[in-house]
Amino acid sequence: MKKRLEELLLDAVAILKSNGDLPTELEPECLIERARDAQHGDFATNLAMTLAKPARSNPRALAEKIIAALAADPVVTKVEIAGPGFINFFIDPQAQFGVIRDIHEAGHEFGKSRSSGAGQRVQVEFVSANPTGPLHVGHGRGAAYGAVVANLLAAIGCEVHREYYVNDAGRQMDILAASVWLRYLEECGESLVFPSNGYRGEYVRAIAFDLHKAQGERLRRPAAEVFAGIPDDEPQGGDKELHIDALVGRAKELLGSTDYREVFDAGLNDILADIRQDLEEFGVHYEEWFSERGLTDSGAVQRSLDTLQTAGYLYQQDGATWFASTRLGDEKDRVVVRENGQMTYFASDIAYHMQKLERGFDRIINIWGADHHGYIPRVKAAIEALGGERDKLDVLLVQFAVLYRGEEKVQMSTRSGEFVTLRQLRNEVGKDAARFFYVMRKSDQHMDFDLKLATSRTNENPVYYVQYAHARVCSVFRQLDEKGLPRNLPNGMTHLSRLTEPHENALVTTLTRYPEVVQQSALQHAPHHLIHYLRDLAAELHGYYNSHQFLVEDADLRDARLNLIAAVRQVIANGLALLDVSAPESM
RNA sequence: GCGCCCGUAGCUCAGUUGGAUAGAGUGUCGCCCUCCGAAGGCGAAGGUCGUACGUUCGAAUCGUAUCGGGCGCGCCA
């Protein structure tokens, strides 16, 4: 419908150009918008206002000329000029009823399109939390957001590749390995002081317990030997970083590389398996789990550095190797190889993005916690230095959610290991509410997540509100059966013109908006638009339900109304499916 | 100190990329079940869009300044 109006307008502009009323070189950006207010008709354009200045004419006069040049269309019942020069279009309500047929025919496909995505290969990397412990509620928002963005992109025709970057190398993982081993030694009966900077969570003990069961005392070393000559920990007046690093070194030394790897992998595999299961249960699926360690093993890291070297972006200073990212818009240059010869995390990330480029994605989307925003310029710089286009990469930032239980803020502390995990959240509020709440707000905005509200089974809860609309339609159809009334679907389609109530016209208009909403949400990576739409649609359904009886005597009207509410049910189900929230038949 | 994000109804948030009288939900108050599910609906009240200049036909939206809040500024990941 939008397109149709745009064509009408462009034709009119062409006529005015040939008349000499408009300069021929003018390229109008034809913007048709949906009117915000029903009084302004269905669609509006500000064309006359934007063209007024170059045409050296006043907007309202120009608008009249445009309207005069406008070809007649049976669908358009009225065109009028309003306000400073808007042209408002009124659409014949009957003309929109086709959407009910469309929805019925397309079913769960309704709302999907191919035009804007057009087979683009898009990679979406999200969550990618270090496998050093279970996912917490902060990761949950990134998980829900990433999964829905991926669904939305797929719905507009993109070929989506969902990926989790596994940070299975690096210092944090070594610290985890050391933590597991020390807990294992305790399991063996050794007595020791656990490092303040180690991973103190209960899950580490569990891993150590299993390790002890599997390996017996084989990996045991006397605590005295382990701690001999290790610099003091912070509580003893030392440096906790030096302390833990020395313990990592000692573990490698005493265990040897094979056994150390055994301990390391025990931690990694156990936690990764937990994360995978957690996400799986949350409805988050990946095409690929990409290993950081694999980048080093395959030589990709070295290769990416060589590329930068040849391109002239690397230099030596203070014994380290630096990437001259300032030349590509970063605030300072970054170290890629440390003085001690070790690669930095950033070096792996350069290699990872090189791989992303090499794999030929048309677009690369990274979803990060908002606290990483300072990291964007250097990654974009790396992409450019590697010969890629920096605009291929979109970094979408997700702010952390602050949890509340009613008025009361839920305290979280990573240090003590007593943070609220995603699993705990799911157990408390359920998958549907968790997913809905996480994407209800604009992603780069702080949000308050009220656990009490998410679990409440009342009208305050927006999840139930939308789901209830779906269940309510299902209930009507159950009633139809119970009353023994027939339903004739084709008959309803031929009598859609019986739908003349304002509620019905409004609902039909809202239904025609759905594909636009999906498209807009996808292109803007903004699932909250979809949520708002679903609430609007549910609200209109509830309003309709309260003021009109569907199961009326008049079979033609009844069939038409049933087709309408069935279409509403379908669209709600489709929207909830994109969110991966269930659409229950009864509640 | 520098950089990025954010200040909209009592509270939580939208605002279609510069458009028409700034909108929802919730809370408060008043109504609506002999009727397909009241987990619902209808109505009322509630605003100097942080503040001040500026850009133009027109600003919550763009620019500058300022106040307030968050985050980031490692040879950590």
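Since the structure is predicted, the reported quantities are computational estimates derived from the model, not experimental observations. A note on names: the letters A, B, ... follow the listed sequences, proteins ahead of strands, and every chain is numbered from 1.
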- Item | Ring geometry between A/Tyr533 and A/Tyr514 (parallel below 30°, tilted from 30 to 60°, perpendicular above 60°) | tilted
- Item | Derivation and outcome, side chain to side chain contact (heavy atoms under 4.5 Å, CB included), residues A/Leu537 and A/Leu507 | CA-CA 7 Å; A/Leu537 182 58; A/Leu507 262 177; 3.8 Å; yes
- Message: I'd like the C1' distance from B/A52 over to B/C76, given in whole Å.
- Response: 43 Å
- Can you check B/U17 for me, syn or anti if syn means within 90° of 0? syn
- As its Watson-Crick or G-U partner within any shown strand, both distances under 3.5 Å, B/U34 has none
- What is the distance, rounded to the nearest whole Å, between atom CZ of A/Phe43 and atom P of B/A20? 18 Å
- Task: Please state the P separation for the pair B/G68 and B/A77 - nearest whole angstrom.
- Result: 36 Å
- Quote, to the nearest angstrom, the C1' distance that separates B/U21 from B/A60. 15 Å
- Item | Mate of B/C62 where both pairing distances stay under 3.5 Å, Watson-Crick or G-U | B/G54
- Note on the structure: Atom OH of A/Tyr465 and atom P of B/G40 are separated, to the nearest Å, by 7 Å
- Under 4.0 Å protein heavy-atom contact, by nucleotide of nucleotides 33-38 of chain B - B base, S sugar-phosphate only: --SBBS
- Query: For B/C33, does the glycosidic angle fall within 90° of 0 (syn) or outside that (anti)?
  - Reply: syn
- Task: Scan A/Asp245 against the nucleic acid and name what it touches under 4.0 Å (heavy atoms): base, sugar-phosphate only, or nothing.
- Result: nothing
- Task: Using heavy atoms to find the nearest nucleotide of RNA chain B for A/Arg334 and A/Ala169 separately, return the residue whose nucleotide is more 5′.
- Result: A/Arg334
- Task: Nearest whole angstrom, please: distance from the P of B/A77 to the OH of A/Tyr375.
- Result: 9 Å
- Message: Pairing check on B/A22: which nucleotide meets the Watson-Crick or G-U wobble criteria with it, both distances under 3.5 Å?
- Response: none
- Query: Hey, which of these two, A/His40 or A/Glu292, hits RNA chain B nearer its 5' end, going by closest nucleotide?
  - Reply: A/His40
- Counting any heavy atom closer than 4.0 Å, what does A/Ala44 reach on the DNA or RNA strands: base, sugar-phosphate only, or nothing? base
- Query: Can you name the residues that form a side-chain contact (heavy atoms from CB on, under 4.5 Å) with A/Thr321, not counting sequence neighbours?
  - Reply: A/Leu314, A/Gln316, A/Val336, A/Val337
- Message: Partner lookup for B/C73, please. Criteria are Watson-Crick or G-U wobble with both distances under 3.5 angstrom; report none if nothing qualifies.
- Response: B/G1
- Under a 4.0 Å N-O cut-off, is there an ion pair linking A/Glu516 with A/Arg34? yes
- Item | Side-chain-base donor-acceptor pair under 3.5 Å for A/His373 and B/G3 | yes
- Item | Nearest-angstrom distance, P atom, B/G30 to B/C13 | 29 Å
- Query: NA contact type, A/Asp318, heavy-atom cut-off 4.0 Å: base, sugar-phosphate, or nothing?
  - Reply: base
- Message: Using a heavy-atom cut-off of 4.0 Å across all strands, would you classify A/Arg535 as base, sugar-phosphate, or nothing?
- Response: sugar-phosphate
- Task: Check the angle between the aromatic planes of A/Tyr165 and A/Tyr352 and answer parallel, tilted or perpendicular using the 30° and 60° thresholds.
- Result: parallel
- Query: With rounding to whole Å, what would you report as the distance between B/C57 and B/G18 at their C1' atoms?
  - Reply: 12 Å
- Task: Ignoring hydrogens and angles, answer whether the base of B/A77 and the side-chain atoms of A/Asp349 contain a donor-acceptor pair closer than 3.5 Å.
- Result: no
- Under the ring pair (Phe, Tyr, Trp, His ring centres under 6.0 Å) test, residues paired with A/Phe126 that sit two or more places apart: A/Tyr286
- Task: Provide the distance between the two C1' atoms, one in B/C49 and one in B/A59, to the nearest whole Å.
- Result: 11 Å
- For A/Arg487, all residues meeting salt bridge (charged side-chain N to carboxylate O under 4.0 Å, His left out), sequence neighbours excluded: none
- Query: Between B/C76, B/G40, B/G3, which one does the side chain of A/Glu331 approach most closely?
  - Reply: B/G3
- Integer-rounded Å distance: B/C73 P and A/Asp330 CG: 12 Å
- Message: Using the side-chain contact (heavy atoms from CB on, under 4.5 Å) criterion, which residues pair with A/Arg405? Sequence neighbours excluded.
- Response: A/Val410, A/Glu428, A/Leu451
- Task: Would you classify A/Asn167 as touching base, sugar-phosphate or nothing, given that sugar-phosphate means primed atoms plus P, OP1 and OP2, and contacts are heavy atoms under 4.0 Å?
- Result: nothing
- Item | Between P of B/A77 and CD of A/Glu241, the distance in whole Å | 11 Å
- Query: Can a donor-acceptor pair be found between the side chains of A/Glu234 and A/Ser196 at a distance below 3.5 Å?
  - Reply: no
- Query: Looking at residues at least two apart in the chain, or sitting in another chain, which of them share a side-chain hydrogen bond (donor to acceptor under 3.5 Å, both in side chains) with A/Asn505?
  - Reply: none
- Message: Could you tell me how far B/G1 sits from B/A45 if I compare only their C1' atoms? Round to whole Å.
- Response: 48 Å
- Item | Proximal nucleotide (of B/C75, B/G41, B/A77) relative to the A/Ala320 side chain | B/C75
- Message: Using the side-chain hydrogen bond (donor to acceptor under 3.5 Å, both in side chains) criterion, which residues pair with A/His542? Sequence neighbours excluded.
- Response: A/Arg472
- Can you tell me the pairing partner of B/A44 across any strand shown, Watson-Crick or G-U wobble, with both distances under 3.5 angstrom? B/U28
- Apply side-chain contact (heavy atoms from CB on, under 4.5 Å) to A/Arg327 and list each qualifying residue two or more places apart in sequence or on a separate chain. A/Tyr313, A/Ala324
- Nearest whole angstrom, please: distance from the C1' of B/C71 to the CG of A/Asp371. 7 Å
- Task: Quickly work out the A/Asn340 CG to B/C76 C1' distance and round it to whole Å.
- Result: 13 Å
- Integer-rounded Å distance: B/C5 C1' and A/Gln399 CD: 7 Å
Could you list all N or O pairs between the protein and nucleotides 11-18 of chain B that sit under 3.5 Å apart?
| unit_1 | atom_1 | unit_2 | atom_2 | d |
| --- | --- | --- | --- | --- |
| B/U12 | O2' | A/Arg441 | NH2 | 2.9 |
| B/C13 | OP1 | A/His446 | O | 3.2 |
| B/C13 | OP1 | A/Asp448 | N | 3.2 |
| B/C13 | O2' | A/Arg441 | NH1 | 2.8 |
| B/A14 | OP1 | A/Lys442 | N | 3.0 |
| B/A14 | OP2 | A/Gln445 | NE2 | 3.3 |
| B/G15 | OP1 | A/His528 | NE2 | 3.2 |
| B/G15 | OP2 | A/Lys442 | NZ | 3.4 |
| B/U16 | O4 | A/Arg36 | NE | 2.5 |

- Message: Any base atoms under 4.0 Å from A/His542, or only sugar-phosphate, or nothing? Heavy atoms, all strands.
- Response: sugar-phosphate
- Item | C1' spacing across the pair B/G15 / B/U61, given as an integer number of angstrom | 9 Å
- Consider only side-chain N and O atoms of A/Gln172 and A/Asn167, and report whether a donor and an acceptor are under 3.5 Å apart. no
